[in-house]
Protein chains: 2
Amino acid sequence: MEYIKLVGELLREKREEKGMLLRHVSAKLDIDTAILSKIERSERKASREQILKLAEVLDLNKEDLFVQYLSEKILFEIKDEELGAKALKVAEQQITYINKKKNER
Amino acid sequence: MEYIKLVGELLREKREEKGMLLRHVSAKLDIDTAILSKIERSERKASREQILKLAEVLDLNKEDLFVQYLSEKILFEIKDEELGAKALKVAEQQITYINKKKNER
DNA sequence: AATATATTTGACAAATACTGTCAAGTCAAA
DNA sequence: TTTGACTTGACAGTATTTGTCAAATATATT
């Protein structure tokens, strides 16, 4: 299993690659640099809107970034749980079932 | 894929099966009947502690109930998201990776 | 039908978590 | 040693959660 970067790491890498400063990017999101700094270091979670805006500003693939963002939210939910992996499997079965039902309609 | 009951449904079924009233069970949890009523109808989420206590009081398999409870929490997190199923798959890959690393230590 | 009991509902309060600002602090480069 | 970029933590405002209570509704029994 390969290592997958945290959203924050992706954001920082891409920002630096583009030679942008925290202040440049945070201005586009209309937030303080402090918050962006924390997001990049995974000290805070971005909001849905912030992630989508960040993808735009930094030319990151919106879908990929958002999927990784959602995944981290899920993992956060179960991070302290012994039974997290089991719960994930069950959730996947159930979402499959739910989506199947959606298609039937 | 078989239909899997909601935690609330399980709780209500088992409570009724045992001939207990909301008041009997809610007393054991030290909460108002109103809250238990809402939990059983999935209008509110139980806390981790409440779920574990409910398993005890109602003689439900603690692990099964808790896994189902966690699963619902996960699904709630992504319920409005187009990309939820994708995110779940990624989360599963990542938790596998994380747990593998844990075992290496 | 009238009463009694069980459950549901929604308004409210208190506690907790979230989101952002600001100013002071650290760190590295010039 | 000054400058600029980033980090840190205290703080305020807001939103969400968690529970209580009393009134409304539903279900049972007489």
Side-chain angles (χ1 to χ4, degrees), chain A residues 5-58 60 65-66 69-81, chain B residues 5-58 60 65-66 69-81:
Chain A
K5 290 205 183 77
L6 294 173
V7 165
E9 296 176 313
L10 288 171
L11 295 174
R12 174 143 300 184
E13 274 175 21
K14 198 65 194 294
R15 175 174 65 77
E16 291 180 339
E17 207 177 298
K18 299 190 70 134
M20 296 177 84
L21 299 178
L22 282 177
R23 126 168 76 86
H24 298 138
V25 176
S26 65
K28 299 262 194 182
L29 304 203
D30 195 25
I31 54 172
D32 197 273
T33 59
I35 295 182
L36 185 54
S37 167
K38 285 167 188 169
I39 290 172
E40 287 185 349
R41 286 171 299 108
S42 305
E43 193 188 315
R44 277 214 192 174
K45 272 172 286 186
S47 72
R48 195 199 142 91
E49 286 66 33
Q50 286 165 346
I51 282 294
L52 296 174
K53 187 75 186 169
L54 281 164
E56 269 175 33
V57 171
L58 297 175
L60 283 158
L65 185 67
F66 193 64
Y69 165 73
L70 279 183
S71 168
E72 277 174 35
K73 264 177 67 169
I74 292 167
L75 290 171
F76 180 81
E77 205 66 35
I78 59 175
K79 67 178 181 329
D80 301 322
E81 298 297 350
Chain B
K5 290 202 184 78
L6 292 174
V7 164
E9 295 175 315
L10 289 170
L11 294 174
R12 173 145 297 184
E13 274 176 21
K14 198 66 194 292
R15 174 173 65 78
E16 290 180 341
E17 206 178 298
K18 298 189 72 133
M20 297 176 83
L21 299 178
L22 282 177
R23 135 168 67 86
H24 298 136
V25 176
S26 64
K28 300 259 192 184
L29 305 204
D30 195 27
I31 53 172
D32 196 274
T33 60
I35 295 182
L36 184 55
S37 168
K38 285 168 188 169
I39 290 172
E40 287 185 350
R41 288 170 299 106
S42 306
E43 193 187 315
R44 278 214 192 175
K45 273 172 288 188
S47 71
R48 194 199 140 91
E49 287 63 35
Q50 287 165 345
I51 281 295
L52 296 174
K53 186 77 186 173
L54 281 164
E56 270 174 34
V57 171
L58 297 175
L60 283 159
L65 186 67
F66 193 64
Y69 164 73
L70 280 183
S71 167
E72 278 175 34
K73 265 177 64 170
I74 291 167
L75 290 172
F76 180 80
E77 203 67 36
I78 59 175
K79 67 177 180 330
D80 300 323
E81 298 297 349

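Lettering follows sequence order; numbering is per chain, from 1.
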In whole angstroms, how far is the [atom2] atom of [N] from the [atom1] atom of [X]?
| X | N | atom1 | atom2 | result |
| --- | --- | --- | --- | --- |
| A:Leu22 | D:dC6 | CG | P | 4 Å |
| A:Arg41 | D:dA5 | CZ | C1' | 12 Å |
| A:Glu43 | D:dT8 | CD | P | 6 Å |
| A:Lys73 | C:dC18 | NZ | P | 11 Å |
| B:Glu40 | C:dA6 | CD | P | 14 Å |
| B:Leu36 | C:dT9 | CG | C1' | 15 Å |
| A:Arg48 | C:dC18 | CZ | P | 18 Å |
| A:Ile39 | D:dC6 | CD1 | P | 15 Å |

Residues two or more places apart in sequence or in another chain: which of them pass side chain to side chain contact (heavy atoms under 4.5 Å, CB included) with B:Lys5?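 If we apply the side chain to side chain contact (heavy atoms under 4.5 Å, CB included) test to B:Lys5, skipping adjacent residues, the hits are B:Tyr3, B:Glu9, B:Leu10, B:Glu13.
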
Pairing residues for A:Arg23 by the side chain to side chain contact (heavy atoms under 4.5 Å, CB included) criterion, not counting sequence neighbours: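 Side chain to side chain contact (heavy atoms under 4.5 Å, CB included) list for A:Arg23, sorted by chain: A:Leu21, A:Thr33.
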
Got a second to check how far B:Leu75's CG is from A:Ile74's CD1, nearest 0.5 Å?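 Output value for this atom pair is 8.5 Å.
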
For B:Ser26, enumerate each residue passing the side-chain hydrogen bond (donor to acceptor under 3.5 Å, both in side chains) test, keeping only those at least two apart in sequence or located in another chain.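 Per chain and number, B:Ser26 pairs via side-chain hydrogen bond (donor to acceptor under 3.5 Å, both in side chains) with no residue.
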
Atom NZ of A:Lys28 with >12 non-hydrogen neighbours under 6.0 angstrom: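 No, not enclosed.
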
Taking all atoms of both residues into account, what is the closest heavy-atom pair of A:Leu22 and A:Arg15, and its distance?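 Heavy atoms of A:Leu22 and A:Arg15 come nearest at N-NH1, 3.3 Å.
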
Which pair of heavy atoms, one from A:Glu72 and one from A:Val7, lies closest together, and at what distance?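 So the two residues come closest at OE2-N, 2.7 Å.
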
Return all side-chain donor-acceptor pairs below 3.5 angstrom for residues 46-53 of chain B, not counting sequence neighbours, or 'none' if the list is empty.
| residue | atom | partner | partner atom | Å |
| --- | --- | --- | --- | --- |
| B:Ser47 | OG | B:Glu49 | N | 3.4 |
| B:Ser47 | OG | B:Gln50 | N | 3.0 |
| B:Ser47 | OG | B:Gln50 | OE1 | 3.4 |
| B:Arg48 | NH1 | A:Glu81 | OE1 | 2.6 |
| B:Arg48 | NH1 | A:Glu81 | OE2 | 2.4 |
| B:Gln50 | OE1 | B:Ser47 | N | 2.8 |

Across all strands, who's sitting opposite C:dT3 as a Watson-Crick or G-U wobble pair, both distances under 3.5 Å?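 When the pairing criteria are applied, nothing turns out to pair with C:dT3, so the answer is none.
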
Applying side chain to side chain contact (heavy atoms under 4.5 Å, CB included), run through A:Leu36 and A:Arg44 and close with a yes or a no. CA-CA 9 Å; A:Leu36 185 54; A:Arg44 277 214 192 174; over 6 Å; no

What residues in residues 5-16 of chain A put a non-hydrogen atom under 4.0 Å from any atom of DNA chain D?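 The stretch gives A:Arg12, A:Arg15 as the residues lying under 4.0 Å from the strand, ordered by number.
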
Scoring nucleotides 10-30 of chain D by protein non-hydrogen atoms under 4.0 Å (B base, S sugar-phosphate only, - none) yields --------BBBB---------

